[in-house]
Every structure is written in C-alpha cells, then in structure tokens.
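Some notes on the structure that comes next.
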Amino acid sequence: MREKDPKPTQLRQQAEAFLQENPLFAHHRGSENLHEILHELRTAYAELEIQNEELRRAQHDLILSRDKYYELYDFAPIGYCSLDLASTIVEANLALADLLGKPRLHLLKRPLAHFIAAGSHEVLRDMLKNALREEVEQSCQIDVSNDPLKGPRYLRLQCSLTKDGQRIPTGFRLAIIDVSAMVQQERELELLTLTLDSRVQERTGEVERQSEQLRALANDLLKEEQRQRHALATELHDYLAQLLVVASMKTHLLAPLVDQVEARRYVHDLEKILRDAQEYA
C-alpha cells in the first residue's frame with residue numbers, strides 16, 4: 001500500500017484553503033450533523049457535474065464550429081493567410097499554397113516576400129505600411145514569377161489590419177487571387193489597341209494619299225479641259241470663222257450677178273445665214 005505523502009500537494013493546499021474560506025463548510029465545522037453536510041456536498045457535486053456537462057457540450061459545439069471554419073478556410077477557392085507585424089506567415093490555407101507553388105508547411109513562419117518576385121517587394125511593403133498607418137483595407141498587385149521559363153504570374157492582394165481585444169494591431173489578414181489571365185487579357189487588349197491605332201493611321205495616310213492623287217488628277221483634268229477649250233476656240237476662230245467670212249464675201253459678190261429675182265432673194269437669204277453663223281461662231 002502506498003504511503004500517504006506527508007507533504008501536502010499544491011492542489012490539496014488549495015482545497016483546504018477553499019474549505020476554510022467557504023462559509024458553507026465553515027458553518028458546519030465541528031458539527032455532528034454529517035448527513036446535512038453530505039447532502040450539501042452531493043448537491044454541490046451535482047451542480048458541478050451539470051456545469052461540466054454544459055461546458056463539455058459548449059466545447060464540443062466550439063470544436064465543430066472550429067472544424068467547419070477550418071474546412072471552409074482550407075478549401076476556399078481563393079488564398080487566405082495571416083501575417084504578423086513583421087509580414088511573416090502565421091496561417092495559410094491550401095489555396096495559397098497552390099498559388100505560390102509550395103507545400104503549406106514551407107510557407108509558415110517565413111516572410112511572404114520570400115515567395116514573390118524581387119520587383120514586387122517594395123509594392124508589398126508599401127501596402128502593409130498603408131494598412132498599418134491608415135487602418136483601412138488596402139490592395140496591390142504583385143508578381144510571383146520567379147521562374148522565367150513559366151512566364152509571368154500575378155496575384156491580387158486584399159489586406160486588412162487585425163487587432164487584439166485592446167485594439168492594438170497584431171498583424172494582417174490577406175485574401176489573394178490569381179489575376180494572371182486578366183493581366184494577360186489587358187495586355188493583349190492594349191496591344192490590339194495599339195495595332196488598331198497603327199492600322200487606322202496607315203489607312204488614314206493611305207486615304208489622304210489617294211485624296212491627294214484625286215485632287216492632282218482633277219487639276220490635270222481641269223487643265224486638259226481648259227486646253228481643249230482653248231484649242232477648240234482657236235480652231236473655230238482661226239478656221240471656221242474665216243471660212244464663213246470668205247463664204248459671206250463670195251455670196252455678197254454673187255448677188256449682183258444673178259438676174260432672176262427669185263434667185264437673188266435666195267442669195268440674200270444665204271448671205272444672211274452666213275452672217276448669223278459667223279456671229280454665232
């Protein structure tokens with residue numbers, strides 16, 4: 001049989017101090033009514049058991065709620081992580097591990113900056129500083145393409161400050177999504193816009209050149225028309241008009257030589273027609 005420890009344990013000392021300070025047991029100290037004391041002890045024990053049962057149920061519900069939270073946290077479609085004030089990763093879900101291409105255990109207790117491209121370190125620092133200083137949600141876009149063979153990969157970070165019960169900042173909470181496809185589409189759209197602008201400028205230049213050629217052709221046609229008009233006017237004046245003048249003179253000389261009155265009248269009519277033709281020409 002194990003001998004009783006002569007030195008009281010700390011728990012025993014606390015129990016004896018509780019009995020001395022508790023008015024229930026102090027009231028019955030030295031009393032002969034053991035049944036009353038035993039009943040009160042049993043009642044107190046039952047109350048403790050009920051309280052313990054309620055605590056166990058509350059603890060069980062809390063565990064279930066925590067497990068549901070962790071399942072939702074781990075299997076969320078976007079990355080989540082918690083950082084301390086030194087930007088070290090305290091917690092991370094599976095989606096973030098997949099985004100960074102690292103096992104989750106390799107992420108914990110390491111700075112987030114270790115897993116992003118060097119060109120984005122300053123962007124991350126500025127976002128965390130602004131979140132700590134302004135205490136409002138901040139966002140930024142970082143590059144995590146450390147392998148040039150795999151091409152660029154971009155992540156969008158939404159950051160909020162976390163505080164304890166006394167409203168003292170304790171770290172940061174981040175939500176992270178992959179925006180590589182969106183960035184690629186934006187760049188393709190910019191390239192397409194530049195290409196379209198270049199094509200529009202080329203087409204505009206071609207239209208302007210064609211317009212200039214049409215204006216030159218119109219000027220040439222106008223000059224040719226004027227030349228043709230001048231040539232025709234010269235031809236009429238120098239040749240046809242002179243023929244009409246000669247014909248009119250011949251007709252005028254012919255009139256006195258005609259004996260018949262009827263023939264002479266025709267000659268005068270012909271002379272008048274030639275004068276009209278000469279004036280018209």
Side-chain angles (χ1 to χ4, degrees), residues 55-194:
L55 288 175
R56 281 193 293 270
R57 285 199 298 266
Q59 184 180 16
H60 178 69
D61 293 341
L62 184 61
I63 291 174
L64 291 178
S65 177
R66 183 199 62 186
D67 291 343
K68 290 181 181 179
Y69 167 76
Y70 275 113
E71 289 179 0
L72 178 63
Y73 179 80
D74 263 344
F75 296 102
I78 63 177
Y80 288 107
C81 71
S82 298
L83 308 180
D84 60 17
L85 293 177
S87 73
T88 300
I89 300 176
V90 179
E91 292 180 344
N93 69 344
L94 296 176
L96 179 63
D98 183 61
L99 287 174
L100 298 179
K102 302 288 183 181
R104 178 160 54 179
L105 291 178
H106 292 181
L107 301 179
L108 301 180
K109 298 181 180 180
R110 298 185 65 186
L112 179 60
H114 285 185
F115 305 101
I116 66 177
S120 296
H121 288 179
E122 186 175 355
V123 176
L124 177 63
R125 284 196 302 269
D126 291 342
M127 183 193 69
L128 297 178
K129 288 180 181 179
N130 292 335
L132 183 61
R133 181 178 64 251
E134 301 177 9
E135 298 188 2
V136 295
E137 187 175 281
Q138 302 289 328
S139 63
C140 71
Q141 182 173 296
I142 61 174
D143 182 8
V144 292
S145 55
N146 291 316
D147 188 355
L149 298 178
K150 295 182 179 180
R153 290 188 64 235
Y154 299 96
L155 301 181
R156 185 74 179 177
L157 277 59
Q158 296 289 132
C159 174
S160 59
L161 188 66
T162 57
K163 300 179 181 180
D164 59 13
Q166 299 179 350
R167 306 295 298 171
I168 298 177
T170 58
F172 308 94
R173 185 180 295 111
L174 274 68
I176 305 172
I177 58 175
D178 191 342
V179 294
S180 300
M182 183 180 67
V183 173
Q184 181 65 24
Q185 291 175 356
E186 290 177 352
R187 292 187 174 180
E188 291 177 356
L189 181 60
E190 291 177 357
L191 180 60
L192 179 60
T193 302
L194 292 176

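The structure displayed is predicted, hence computed values, not measured ones.
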Working note: Arg153 + Leu99, criterion side chain to side chain contact (heavy atoms under 4.5 Å, CB included); need CA distance, chi angles, decisive distance, verdict.
CA-CA 9 Å; Arg153 290 188 64 235; Leu99 287 174; 4.1 Å; yes
Report the C-alpha separation of Leu155 and Asp178 in whole Å, then their side-chain angles, then the decisive distance to 0.1 Å, and conclude whether the side chain to side chain contact (heavy atoms under 4.5 Å, CB included) test is met.
CA-CA 5 Å; Leu155 301 181; Asp178 191 342; 4.1 Å; yes
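The side-chain heavy atoms of Val183 and Gln141, taken from C-beta on, include a pair separated by under 4.5 Å. Residues Glu135 and Lys163 have side chains in contact (heavy-atom distance under 4.5 Å, counting atoms from C-beta outward). Taking the side chain as every heavy atom from C-beta outward, Leu112 and Leu174 approach each other to under 4.5 Å. Val90 is not listed as a side-chain neighbour of Leu108, based on a closest heavy-atom distance of 4.5 Å or more. Ile176 places none of its side-chain heavy atoms less than 4.5 Å from the side chain of Tyr80. Between Arg110 and Phe115 the shortest side-chain heavy-atom distance falls below 4.5 Å.
Of the possible donor and acceptor atoms, none in the side chain of Ser87 sits under 3.5 Å from a partner among the backbone N and O of Pro111. Side chain of Asp84 to main chain of Lys109: no donor-acceptor pair is present (N/O by atom type, distance under 3.5 Å, no hydrogens or angles). In this structure a side-chain-to-backbone donor-acceptor pair under 3.5 Å is present from Asn130 to Asp126. A donor-acceptor contact shorter than 3.5 Å is absent between the side chain of Ser82 and the backbone of Arg173. Distance alone, capped at 3.5 Å, places no donor-acceptor pair between the Asp143 side chain and the Ala117 backbone. Side chain of Arg104 to main chain of Ala92: a donor-acceptor pair is present (N/O by atom type, distance under 3.5 Å, no hydrogens or angles).
Residue Lys102 holds its NZ atom at 11.5 Å from CD1 of Ile89, rounded to the nearest 0.5 Å.
No more than 12 heavy atoms of other residues, nucleotides or ligands shown are found within 6.0 angstrom of CD on Glu122. Under a cut-off of 6.0 angstrom, the local environment of CZ in Arg133 is crowded, with over 12 non-hydrogen atoms contributed by other residues, nucleotides or ligands.
With Ile116 as the partner, the side-chain contact (heavy atoms from CB on, under 4.5 Å) test is satisfied by one option alone out of Leu157, Val123, Val144: Val144.
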